[in-house]
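Okay, so here's the structure we're looking at.
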Amino acid sequence: MLNLNGWFCHFLEYIYALPEPPRRHRTQPMQVICVGLPRCGTESLQQALIKLGYDPTCHGWDIALEDPNYCQQWVRLSRKKWFGPLDGNNNITADDFDALIGNAVAVTDTASSVFAAEMIAAYPDAKVILNQRKDIDEWHHSITNTIARADSHWPLFILACLSRELFWAWQSHVRFMYPGLFRALDGNIKTGIARNGKWVYREHYNMVRGLVPEHRRLEWTVEDGWEPLCRFLDKPVPDEPFPHANAAAGWAGKEEREFKRFAGDALKTLGFLGAVATGIGAAVYYYRK
């Protein structure tokens, strides 16, 4: 188990540190926060919100794949949430979020579920969508076959050792945000979701219901489609089917895209290490002569 606040983890983050990307700024208000857990129609909901004019809408895959990438900063924010100062002064504000998601007028999936309570407090005028699944067992099966197997994806892990950007994508999602969300105290997402997923699901939704009054909150599933969503957001119903995205095949495609996204960086590292090894080997050879 890797101690996420121990010296070795801090050392790794120092070794893999990237230049700071430009700080983002908000020029339009946050309007919609979708705080349902991952695998609850989050990407379909993102596409629907964009269709309704909420553009950009930030999704968890955007965080992992965007360029410039802010995963290093999401790790920093996660550490502030779970490993804050001993005086308890670890408040996370709209300014913290705006620096990372900038001008997004809506947010769904990873960030808004991990930081649900903080975002609800940070953006008190935003409407809150509590996207969920009708069947908790189906949700648990879905997340077990996608997010839960992330830390056993060895090709991505090996790339994460060779690519600084992928290291931070791995660190933010696989080491910090998902284990924190699912109370995986040993850092293992798979066993954490297997043991805790269902009660975390219930606890999360009850927490949001306690934080957000009914007039500001919509409880919604993908099967509900356009009508309740548009009524809640005061938008006309589009004359087209509701989008359905990111089934199991879609998830695999996103993993493949992530693999390709960072493979070039990893190959450069391998080339550099090969050159170093060749140089050392040549030096040893000539020294022994």
Side-chain angles (χ1 to χ4, degrees), residues 1-14 16 35-40 42 58-65 69-85 90 92 96-97 100 107-119 136 139-161 163-208 251 254-255 258 262:
M1 175 182 175
L2 180 64
N3 182 347
L4 295 177
N5 207 37
W7 70 268
F8 184 67
C9 189
H10 283 279
F11 174 72
L12 284 178
E13 291 178 3
Y14 173 78
Y16 283 91
V35 295
L37 293 178
R39 309 307 298 167
C40 288
T42 57
C58 177
H59 185 274
W61 278 111
D62 299 328
I63 293 173
L65 295 171
N69 193 270
Y70 289 77
C71 284
Q72 182 174 241
Q73 287 67 37
W74 283 107
V75 168
R76 195 175 299 156
L77 199 60
S78 299
R79 181 168 276 121
K80 184 178 182 180
K81 177 181 174 77
W82 289 304
F83 299 103
N90 61 343
I92 296 175
D96 293 310
F97 293 123
L100 304 185
V107 59
T108 183
D109 197 59
T110 308
S112 52
S113 55
V114 171
F115 296 97
E118 292 83 1
M119 284 196 176
I136 191 172
W139 169 81
H140 195 248
H141 176 77
S142 175
I143 200 167
T144 297
N145 285 282
T146 51
I147 290 172
R149 62 182 177 84
D151 62 354
S152 59
H153 195 304
W154 289 105
L156 275 180
F157 174 74
I158 292 170
L159 276 186
C161 296
S163 164
R164 289 195 298 169
E165 284 195 351
L166 184 53
F167 168 85
W168 287 106
W170 186 277
Q171 190 80 340
S172 61
H173 289 68
V174 180
R175 290 287 173 256
F176 273 89
M177 290 201 280
Y178 289 143
L181 180 61
F182 292 105
R183 317 301 196 271
L185 300 182
D186 59 357
N188 188 316
I189 301 173
K190 184 177 181 179
T191 56
I193 288 176
R195 293 188 185 111
N196 308 329
K198 292 183 182 181
W199 72 257
V200 167
Y201 183 103
R202 297 187 185 97
E203 182 183 77
H204 180 86
Y205 286 85
N206 286 332
M207 174 195 72
V208 174
W251 179 271
K254 289 288 175 51
E255 287 184 330
E258 187 175 32
F262 299 108

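What you see below is based on every heavy atom in this structure, not just the backbone, and it leaves out hydrogens, waters and symmetry mates. These figures come from a predicted structure and were not determined experimentally.
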Close side-chain approach of W82 and L4, heavy atoms under 4.5 Å: no
Nearest atoms (heavy-atom pairs only) where P179 meets G187: CG-O, 4.2 Å
From Q171 atom CD to W74 atom CH2, the distance as rounded to the nearest 0.5 Å: 16.0 Å
Side-chain heavy-atom pair N5, H10 within 4.5 angstrom cut-off: yes
Nearest-0.5 Å distance, CZ of residue R76 to OG of residue S172: 12.5 Å
Within-4.5 Å side-chain heavy-atom neighbours: F97 and C58: no
Residue pair D96, E118: steps toward the side chain to side chain contact (heavy atoms under 4.5 Å, CB included) verdict: CA-CA 10 Å; D96 293 310; E118 292 83 1; over 6 Å; no
Side-chain heavy-atom pair C9, N3 within 4.5 angstrom cut-off: no
Non-hydrogen side-chain atoms of F167 and L12 separated by less than 4.5 Å: yes
Exercise: do H204 and S113 side chains pair donor with acceptor under 3.5 Å: no
Flag side-chain contact, heavy atom, 4.5 Å: C161 against Y16: yes
Pairwise distance NZ(K190) to CZ(R195) - rounded to 0.5 angstrom: 12.0 Å
Side-chain (R183) to main-chain (L181) donor-acceptor, under 3.5 angstrom: yes
Under 3.5 Å donor-acceptor, N206 side chain and R202 backbone: yes
Closest heavy-atom pair and its distance - N145, H141: ND2-O, 2.7 Å
Parallel, tilted or perpendicular: ring planes of F176 versus F83, cut at 30 and 60 degrees: perpendicular
Gap between atom NE2 of H173 and atom OG of S78 - 0.5 Å precision: 9.0 Å
Given T110, D109, V107, the one that forms side chain to side chain contact (heavy atoms under 4.5 Å, CB included) with T42: D109
V35 side chain reached by M119 side chain, heavy atoms, under 4.5 Å: no
Spacing of CD1 belonging to I193 relative to CZ belonging to R149, to within rounding of 0.5 Å: 11.5 Å
Nearest heavy-atom neighbours spanning P38 and W139: O-NE1, 2.9 Å
Over all atoms of both residues, closest heavy-atom pair of H140 and G197: CD2-CA, 4.2 Å
Exercise: identify the closest heavy-atom pair between N90 and G84: CB-CA, 4.0 Å
Salt bridge R79-E13, side-chain N to carboxylate O under 4.0 Å: yes
Taking every non-hydrogen atom, the tightest pair across N196 and F182: ND2-O, 3.1 Å
Heavy-atom side-chain proximity of Q73 to L77 below 4.5 angstrom: no
Reported CH2-to-CG distance for the pair W168 and N69, which is rounded to 0.5 angstrom: 10.5 Å
